[in-house]
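Note that the numbering runs from 1 along the sequence shown for the chain.
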Amino acid sequence: MSEGTGLSYAHGTGDTALLGDTIGRNLDRAIAAHGDREALVDVVSGRRWTYTELGTDIDELARALMASGVEKGDRVGIWALNCPEWVLLQYATARIGAVMVTINPAYRAHELEFVLKQAGIRLLVASLAHRTSDYRALVGQVRADCPSLRAVHYIGDPSWSELTAAAPAVTPAQLAAREAELSCDDPINIQYTSGTTGFPKGATLSHHNILNNGYFVGEMIAYTEADRVCLPVPFYHCFEWFAFGVSADGMSTP
């Protein structure tokens, strides 16, 4: 039992200890060990990041979110197709203790409204469109009925640049102070079920959940820092969290 928190863990015996990191601290170690190695490759756009470059962009976005008023525990929604900004947002929310809520890109207006309201999403990052869905129009249909939603930023749109431009208002020291308040037991993600038998149901994951899941799956498969992981699956799906745990431990994720 963790004294004073009311949290407990049940686990079997093993030779490898569980990771007790936050995602940010774990990523910092990967950057220190493998700073010049590639961390992220976006094949579609041709953009590439080393661990050092990825850390710089993550920190910029984290400071921008803080400047936009995102507090520890606030819900930040991501309704987007796979893209580098998706990855940046996941790590940035982790750095500041916000909870990233992943939203299925195929949702229609009523499903989007349900998740925005139930999760209490304060800031939403979205793609501009997917197949026949105009995301800006769908958000416009439901926004008046989602009182907690204060800001929406669209990837590939000037509103995304407006978000990142706010970063200088928060110093690196202020970001470090926020991150120092975080625990590995803090919630970091809300995943929603498919909703095939009704409205989707949310499940909350912590830093501890995501890092250890990724780490031990990587250990089981015998990954090393020389391996690369190709991710054609949708990022909003739970498989992606395995990949985040792996990449934070120092393996490239193209």
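- Put simply, CD on E38 and CG on L54 are 11.5 Å apart, with the number rounded to the nearest 0.5 Å.
- When each of N104, T102, N82 is checked for a side chain to side chain donor-acceptor pair (under 3.5 Å) with Y236, only N104 meets the rule.
- N213 contributes no side-chain N or O that, together with a main-chain N or O of I210, makes up a donor-acceptor pair within less than 3.5 Å.
- We find that E53 and R47 are not joined by a salt bridge, their nearest charged nitrogen and carboxylate oxygen being 4.0 Å or further apart.
- Residues satisfying the side-chain contact (heavy atoms from CB on, under 4.5 Å) test with D134, not counting sequence neighbours, are R136, A137.
- Interatomic distance, I58 CD1 to L88 CG, rounded to the nearest 0.5 Å: 6.0 Å.
- Every residue two or more places apart in sequence or in another chain that forms a side-chain contact (heavy atoms from CB on, under 4.5 Å) with N212 is listed here: L18, L19, H208, F216.
- Applying the salt bridge (charged side-chain N to carboxylate O under 4.0 Å, His left out) definition to pairs two or more places apart or across chains, those involving residues 86-102 are D28-R95, D59-R95, R95-E179.
- Between S183 and H207 the shortest side-chain heavy-atom distance does not fall below 4.5 Å.
- In this structure, CE in M66 is found 8.0 Å from OG1 in T171, a value given to the nearest 0.5 Å.
- For the side chain to side chain contact (heavy atoms under 4.5 Å, CB included) criterion with L65, the lone passing option out of V125, L175, L123 is L123.
- Proximity of a side-chain donor or acceptor of T50 to a complementary backbone N or O of D36 within less than 3.5 Å is not detected.
- Evaluation of the side-chain contact (heavy atoms from CB on, under 4.5 Å) rule for S148 yields no partner, not counting sequence neighbours.
- The CZ atom of R108 sits 5.5 Å away from the OG1 atom of T132 when rounded to the nearest 0.5 Å.
- Tracing side-chain contacts under 4.5 Å through hydrophobic residues (I, L, V, M, F, W, Y), one never reaches V44 starting from L81; they form parts of separate clusters.
- I188 and L182 end up in different hydrophobic clusters when Ile, Leu, Val, Met, Phe, Trp and Tyr side chains are linked at under 4.5 Å.
- The list of ring-ring contact (aromatic ring centres under 6.0 Å, His included) pairs with a residue in residues 122-154, not counting sequence neighbours, reads W79-Y135.
- I155 has its side chain out of reach of W86: every pair of non-hydrogen atoms, C-beta onward, lies at least 4.5 Å apart.
- Between F235 and I78 there is no side-chain heavy-atom pair separated by less than 4.5 Å.
- Q90 contributes no side-chain N or O that, together with a main-chain N or O of V87, makes up a donor-acceptor pair within less than 3.5 Å.
- At least one side-chain heavy atom of T164 sits less than 4.5 Å from a side-chain heavy atom of L61.
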Assess the residue pair I103 and I121 against the criterion (side chain to side chain contact (heavy atoms under 4.5 Å, CB included)); give the C-alpha distance rounded to whole Å, side-chain angles, the decisive distance to 0.1 Å, and a yes or no. CA-CA 11 Å; I103 303 173; I121 291 173; 3.9 Å; yes
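- Of the inter-residue distances, the one linking Y215 atom OH with T16 atom OG1 reads 5.5 Å to the nearest 0.5 angstrom.
- Residues I23 and Y91 are in side-chain contact: their nearest non-hydrogen atoms beyond the backbone lie under 4.5 Å apart.
- Screening residues 68-84 for salt bridge (charged side-chain N to carboxylate O under 4.0 Å, His left out) gives E71-R178, K72-D186, D74-R122 as the qualifying pairs, with residues at least two apart or on separate chains.
- Using a 4.5 Å heavy-atom threshold, the side chains of V152 and S159 count as separate.
- Atom CZ of residue R143 and atom CG of residue L116 lie 10.0 Å apart, to the nearest 0.5 angstrom.
- Remark: side-chain polar atoms of S68 are not paired, donor with acceptor, to backbone N or O of V70 under 3.5 angstrom.
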